[in-house]
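Structure first, commentary second.
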Amino acid sequence: PHHVRCVENVKLLDRYTNRKAANGTLYLTATHLIYVDASAEVRKEIWILHHHIATVEKLPLTTAGYPLLIHCKNFHVAHFVIGQERDCHEVYTSLLKLSQPVKSEELYAFSYNPKMSKENREIGWKLIDLKVDYQRMGIPNDYWEITDVNKDYEVCNTYPPEIVVPRAANKAVVIGSSRFRSRGRIPVLSYLYKENNAAICRCSQPLSGFSARCLEDEQMLQAIREANPGSPFMYVVDTRPKLNAMANRAAGKGYENEDNYDNIRFKFIGIENIHVMRNSLQKLLEVCEMKSPSMSDFLTGLENSGWLRHIKAVMDAGVFLAKAVKDEKASVLVHCSDGWDRTAQVCSLASLLLDPFYRTFKGFMVLIEKEWIAMGHKFSHRCGHLDGDPKEVSPVFTQFIECVWQLMQQFPCAFEFNERFLLEIHDHVYSCQFGNFLGTCHKEREDLKIFEKTHSLWPFLLQKKQELRNPLYRGFTAYKELQPNTLPFSFQFWCGMYNRFDKGMHPKQCVLDHLLSSMSQKMKLEDNASELENFCVSVCIGSGWDGVNFPQSSPPRAVLCVGSCRGAGNTPVFWLLLSRAGTALSPSIPASYPEASMLGVGKVLAGDVARTADPG
Amino acid sequence: MEFSELIKTATVESVLLSCVGLPAVKGTLCITSHHLLLSSCPGGDSQPGTLELWLLIRNVDAVEKRIAGSSGTITLRCKDLKVLQLEIPGMEECLNIASSIEALSSVDSVMMMYPFFYRPQSLKLEEGWHLFPLEQYFQRIASQTSQWRLSDVNRDFTTCPTYPPTVIVPAAVDDDTLQKAARFRQGGRFPVLSYYHCKNGTAMLRSSQPLTGPNRKRCREDEMLLGTILDEGERGFIIDTRSAQAAKQARMMGGGTEPKSSYPQWRRLHRPLERGRPLQESFIKLVEACNDTSINMDRWLSRLESCRWLSHVKAALSTACLAAQCLDREEASVLVHGAEGTDTTLLVTALAQVILDPSCRTLAGFQGLLEREWIEAGHPFHLRCARSAYSHARLKQEAPLFLLFLDCVWQLSRQFPFSLEFSEHLLLTLFDNAYASAYGTFLCNNEKERCLCKVRESTHALWAWLNQPGEKKKYLNPLYSHNALVIWPSVEPQSIQLWQGLFFRWIRSSQYLDEAWAEVQRLAEGGDPPVKESVESRLSRSLSDPAAQTENGR
């Protein structure tokens, strides 16, 4: 499997400038496609992880040769032109195979070996403990308990073994309710707002059909409502458009009848389904790829894609939940159809709005582990990790990440992390390099033995904390609840995501880099390191930064460059990795990292870009 | 005319003033010749907690009144785009106040305007008026080349009524030739030097259209003037800011373009830029859309598209890049003109200089650029900025060319956050002052009018105010670091953003963004975080002119 295939005289076309196409060599390794530009003055490399490849297309022959167009799941688009038809076809078929593994065992995470001790790997998996987060919310308490009723997945096979339910709901109620909920996904606690005991709970749609009832399910909702004695009612929010929910009744599913449940206020929030979202993203990407569009073309395309409308719908729903909890002091039960897509988006967003903890590095990891991974968002299907049904693929998680970015635009000082942290997570949701996002639910991950065989992403991100932090963060206590503006103008097109690899479109000078480096120059690493950071440093040293050979075993450096076009504008900030004593760990940077020599001269770099960029 | 005749009711008690996003204030309303003021503590000295709000009446763009029962509400829509509401007890008072504001805000006589009455104690009248003499600018060029000279052919404004007395012209061309060439250009705006690119000795000139007319007239002097700029075999570019068709049609009205046969070394490029009425309507539609808080996402995007404002931004930046590219890359001289040469022409030449010339990107350099390329170059500020986006009055010659320029500079500052010495705050202040000001800087349409009105003798310069040490700090960009290179912006639609700081200044809360900016400042300067501003001071600042504050403190 380590056979490296290479094709010479491959051109790489630049979509946006009329600059001469690059000429270089294409390598196919077991995990990456690597393009080395030989024509550039400084050695330039582009790494594309096979798992990141969404589509490979052969385009009609041109005078330059045989074009191969690659679209990546992280919105990288690479347009190669290969001299020989045979080479082109061979690369094409290899990539098709490499990018669509059939069996889980073929996923990168199972072969990824960063030379970390078994012990550290295990500690890595224990970094995020959801029980600690429930404790933080004050659970268990008089009203809520953590139960292992699902330890053998008998209640729900897509839920984790431990779930939080009202104390008042005994086992019979739980089991009864599970029979009345799609795929047994009963109402469980997502977030408890300690200040007033209002809770956000989540579940799937009830199997109500046109008239079916379930006493236990009604008791379950009553228990949730009564766990918040301060409010005489609770909201039940169906995040689907009303029409979709009504259509489900014919299939024996549907939504709660207000007459059957005591003191509920039922509400639809029209977020569209995964198919609408998939098509919307497709249209958005077509707009992003237009060649020299006019302003009108772009804005019309943006409008027609509906993308920002959907983002706003998700945000509106999150804001509704947060307001219900904070201002109306009412608990909310949220569901969609299965309760693993829209429900995950909305619940996690509401938590983020209500609780500053989730806006820290660790809190955000907890949030993703809790609302997405543990509660069974089907990452494997939604991200198309394996060759499967293309209709199951949908950018549900991407939308959540974008909502967070939109919040960052409105509240630049409220998040401990920066945009790159979001992009890193987004990359790794698709990269399959770490075990966290494999499979569809906890049970499946256990069956895949990911906790034994793979690494967790989170320690690797914490290790890069210095370059992923937000220099403007004003700390945990500066802002409590966020109340974002949700008027249409507050939502901006996220160029940094959807045109991320089109460097020419981005600001030519990077404020983030500048502030990060001036921060690191001015202050030594603060001595407030938690156990977490201690751990992090030990992993960092323990993992051994040198002796990594390119390209057979690229990790851990591969972590730093997965799928990214490592052009001058996007310099990974290696030298910021300081040990606690303040000495640089100085990873030996191989010659294949040309920009390393330019580190620390961000402005000169930006100036260079300015000098070489073409107007228009 | 006496102001007092226009003021029907001077004072009303218990008026409630409200403004989106800020707490309402109740107090005594006074109308003076130039200000509307509202004090929450009538007659008292400034006690803590007292709010005194000063609004320059010239800033009012539209007055709307609604009478309900015995009281009425006046909505004041201002030229700086803020909207204020006054709830006035008493129907008659309400009507009187409304008509007084209407009358006072439409006084059109320049010499009746506030700058002629405003006398702050901290400034001297002559300060700030002669900071950027053309002679000084010329010295910079003269140290590099002897190809250019200063000419005072226009000293009495007879050669060109909209040019300043002194202009920079090719050294080889005498004043007599200039006068003849001027007769062949609309409004006498013969080609003059706008910018000399030291790096390679190329030049950017600007003019108005030639008066070719239907009979394809020629002018030997004009051809000679342009001819001397290029050496033999050299090529120059004429950037015409009209479409080829519009330029051709202009011949019917006596205008036209430089035909290839008469100007063989010049190659014409047409880059149509909107101006006049369509541009003003674009501005009006954009502001309407921004103020409509009931629209959904699709409607918002569709209105943002159909108002075309961002298209104009993109076109202006692209054309400025083209001019800059001709100079810097093609190493060719450029002549820029549209029709009159006072609008899109100046937009392009000024913007190209910001892109090319690092000395235009400092606070002082930018002020100098505005003086040279907008004010002295004869952009008719009085006509173009008479009304803003809210006015119901019939459009005359209003057009937001200057705002479009500021927007483009803002786009540059976003793409090159370290390369401009000044911040967004300066751009906003310039916008405000171009439309209504206590200073004389943007008064009148050209130098000739300014001389007649004695603007320099009788009003204060905005620059004098801005450059006071305490004030200046507010306009500086803490991230600035000199960048000697050309700053080529991206003009892809993805790179161009709506300038929210201007168009949503009074609509959305900027608290969190202000805090972020303070944080940037703190990090860049390594100082302590600035003291948090109280709501009161914010309200007071947002509602009053910088000038009024000093007056207030007197």
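Convention: sequence-line order gives letters A, B, ...; per-chain numbering from 1. Since this is a predicted model, take the numbers as computed values, not measurements.
Using modelled atom types and a 3.5 Å distance limit, the side chains of A/Gln406 and A/Gln410 yield no donor-acceptor pair. A/Tyr479 and B/Glu515 share a side-chain donor-acceptor pair at under 3.5 Å.
Looking at A/Leu472, the atoms closer than 4.5 Å to chain B (heavy atoms on both sides) sit in the backbone and in the side chain alike. Looking at B/Phe503, there are no atoms closer than 4.5 Å to chain A (heavy atoms on both sides), in backbone or side chain. Residue contact with chain A, scored on non-hydrogen atoms closer than 4.5 Å, involves the backbone and the side chain of B/Thr293 alike. Both the backbone and the side chain of A/Ser296 come within less than 4.5 Å of a heavy atom of chain B. Using a 4.5 Å cut-off between heavy atoms, B/Asp328 does not touch chain A at all. Both the backbone and the side chain of B/Ser419 come within less than 4.5 Å of a heavy atom of chain A. Only the side chain of A/Phe493 comes within less than 4.5 Å of a heavy atom in chain B; its backbone stays farther off.
No other option in B/Arg308, B/Arg299, B/Gln415 has as many heavy-atom pairs under 4.5 Å with chain A as B/Gln415. When each of A/Leu308, A/Asn485, A/Asn304 is scored by its heavy-atom pairs under 4.5 Å with chain B, the top score falls to A/Leu308. Contact tally against chain A (heavy-atom pairs below 4.5 Å) for B/Ala516, B/Pro417, B/Ala484, B/Ser495: the top residue is B/Pro417.
With A/Lys312 contributing its side chain and A/Thr486 its backbone, the two residues share a donor-acceptor pair below 3.5 Å.
Between A/Trp307 and A/Leu281, some side-chain heavy-atom pair lies under the 4.5 Å cut-off. Contact annotation: the side chain of B/Phe418 approaches that of A/Val511 to within less than 4.5 Å [non-hydrogen atoms, C-beta and beyond].
Proximity of the aromatic rings of A/Phe411 and B/Tyr512 is defined here by a centroid distance below 6.0 angstrom, and this criterion is met.
In this structure, CD in B/Gln494 is found 8.5 Å from NE2 in A/His506, a value given to the nearest 0.5 Å.
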